[in-house]
Amino acid sequence: MTRKITLLGTGLMGYPMARNIGAAGFDVTVWNRSRAKAEGLTAHDVMVANTVADAVTQADVVISMLSDGPAVESIIAEAKSALESGAIWLDMSSTKPEEARAFADTLATSDVSFLDAPVSGGSKGAEAATLAIMAGGDATVFESAKAVFETMGRPTLVGPTGAGQLAKLANQAIVAVTIGAVAEAMLLLEQNGADATAVRSALKGGFADSTILQQHGARMTNRDFVPGGLTKLQLKDLDNVLAEAGSLKLPVVQHVRDRFHRYMTQMDAGDLDHSGLFEELLDLNGLPLGKP
């Protein structure tokens, strides 16, 4: 078993991920910019480091779970001089494929292997250790890291470096578009007298069923937008999808991206759950945001 695992970033996702890694028997150290957000992990036999350098010293595997590419780049710069030769860095943040390739090149100069391994499943998946993990990089490195990945969910090697992030962009395009479709369906039901909860039950197992329909459909009905997946991060991912697309036309993604942008900027909803796009739809229709 790997001797020491370090996780950098104990937010909504990183905190339960660190707890699950420790519960599997690994020696875990964490660091977070705001130490207070990591302190509760000490009750789960997880060490909390004061600095990035302290956290990664002697680590066999370093995991970053941060907001975006620039945040990862900054942390790699802080950690680089303290990294162990032969260590593996798993970036489980959502960044751009080109950023993942740059991180791999930077870490290679310190004899540190790299996998870009973003996840899907939200905070519930992180809590339950059922995350879908999309890894890009060398197959041998992936096999070395597989036991660590499996403490957090289901890992799949999807291609070379950068492919994990490309898979996550595809995932986020599907998630965002589906949220938009579910929001419209829930509003249609609600405004025309059907029981949306009963309809979701009726659709279970059918062709239209999905985790988003069941989980986020319920959030929309209950007007529960306490964050699991932040709107501002969903928007960031959609911007990355369109940047990666280049000259390709993705009209549905563009449309839903613009709606998330409106929700975040005009309705100050960046820190609400991305299922809150339902509120943006209510606003578009001139309807009140609370329950009917």
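Computed from heavy atoms alone, side chains included, the values below leave out hydrogens, waters and symmetry copies. As the structure is a prediction and not an experimental result, all values here were calculated from the model.
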(request) Give, for atom OG of S94 and atom CE of M134, the distance between the pair rounded to the nearest 0.5 Å. (result) 7.5 Å
(message) Taking A132's backbone N and O only, do any of them form a donor-acceptor pair with R154's side chain (distance below 3.5 Å, no angle check)?
(response) no
(request) Please confirm whether the backbone N or O of T140 pairs with a side-chain atom of S144, one donor and one acceptor, at under 3.5 Å? (result) yes
(message) Would you say that V28 contacts L41 through its side chain, given a criterion of any heavy-atom pair below 4.5 Å between the two side chains?
(response) no
(message) Could you tell me if the side chain of V141 sits less than 4.5 Å from the side chain of I88, heavy atoms only?
(response) yes
(request) Taking the side chain as every heavy atom from C-beta outward, state whether F225 and S275 have any atom pair closer than 4.5 Å. (result) yes
(request) Mark yes or no for whether K4, through its side chain, and V62, through its backbone, hold a donor-acceptor pair below 3.5 Å. (result) no
(message) Show the nearest heavy-atom pair for residues M264 and L235, with the distance to one decimal.
(response) CE-CD2, 3.8 Å
(request) Quick one: closest heavy-atom pair of A183 and M220, and the distance? (result) CA-SD, 3.5 Å
(message) Quick check: closest heavy atoms across D209 and K204, and the distance to 0.1 Å?
(response) OD2-CA, 3.3 Å
(request) Say whether T151 and N20, considering side chains only, have a donor N or O and an acceptor N or O under 3.5 Å apart. (result) no
(message) Counting neighbours of CE on M267 that are heavy atoms of other residues, nucleotides or ligands and sit closer than 6.0 Å, is the number greater than 12?
(response) yes
(request) Would you check if P70 and E99 make a side-chain contact, meaning some heavy-atom pair closer than 4.5 Å? (result) yes
(request) Keeping the roles fixed (side chain from Q165, backbone from T95), state whether a donor-acceptor pair exists under 3.5 Å. (result) yes
(request) Mark yes when over 12 heavy atoms from residues, nucleotides or ligands other than D268 sit less than 6.0 Å from its CG; otherwise mark no. (result) no
(message) Looking at N32 and K37, would you say the former's side chain and the latter's main chain have a donor-acceptor pair under 3.5 Å?
(response) no
(message) I need the D239 CG to Q172 CD distance, nearest 0.5 Å.
(response) 12.5 Å
(message) Return the OG1 to NE2 distance between T231 and H274, rounded to the nearest 0.5 Å.
(response) 7.5 Å
(request) Taking S74 for its side chain and A71 for its backbone only, find out whether a donor-acceptor pair lies under 3.5 Å. (result) no
(message) Measuring from atom CG of L242 to atom CG of L248, what distance do you get when rounded to the nearest 0.5 angstrom?
(response) 10.5 Å
(message) Pairing donors with acceptors under 3.5 angstrom, does anything connect the side chains of W31 and T6?
(response) no
(request) Evaluate the side-chain proximity of I76 to V72: yes if any heavy-atom separation is below 4.5 Å, no if none is. (result) yes
(message) Does this structure show an ion pair linking D283 with R262, if we count only N-O contacts that are shorter than 4.0 Å?
(response) yes
(message) Check this for me: does any side-chain nitrogen of one of K96 and E244 sit under 4.0 Å from a carboxylate oxygen of the other?
(response) no
(message) Strictly below 4.0 Å, N to O, side chains only: are R259 and E184 in salt-bridge contact?
(response) yes
(request) Would you mind checking if R19 and E127 are paired as a salt bridge, meaning a charged N to carboxylate O distance below 4.0 Å? (result) yes
(request) Taking the side chain as every heavy atom from C-beta outward, state whether L187 and L287 have any pair of such atoms under 4.5 Å apart. (result) yes
(message) Quick check: closest heavy atoms across F114 and A100, and the distance to 0.1 Å?
(response) CE2-O, 3.4 Å
(request) May I ask you to check whether T57 and D54 show a side-chain donor-acceptor distance below 3.5 Å? (result) no
(request) Evaluate the side-chain proximity of L238 to V253: yes if any heavy-atom separation is below 4.5 Å, no if none is. (result) yes
(request) May I ask you to decide whether R200 forms a salt bridge with E190, counting only side-chain N to carboxylate O separations under 4.0 Å? (result) no
(request) Please check if the side chain of S93 supplies one atom and the backbone of L66 the other of a donor-acceptor pair under 3.5 Å. (result) yes
(message) Distance check, rounded to the nearest 0.5 Å: L284 atom CG versus E279 atom CD?
(response) 12.0 Å
(message) I'd like to know if E78 pairs up with R33 as an ion pair, taking the criterion as any Lys NZ or Arg NE/NH1/NH2 lying under 4.0 Å from an Asp or Glu carboxylate oxygen.
(response) yes
(request) Sort out for me which residue in T161, L166, D116 forms a side chain to side chain contact (heavy atoms under 4.5 Å, CB included) with P97. (result) L166
(request) With the side chain counted from C-beta on, respond yes when D45 and D27 share a heavy-atom pair under 4.5 Å apart, and no when they do not. (result) no
(request) Kindly compute the distance separating NZ (K232) from OG1 (T265), expressed to the nearest 0.5 Å. (result) 14.0 Å
(request) For D273 and G228, indicate whether the former's side chain and the latter's backbone hold a donor-acceptor pair under 3.5 Å. (result) yes
(message) Under a 3.5 Å threshold, yes or no: a donor from one side chain and an acceptor from the other, between T109 and K80?
(response) yes
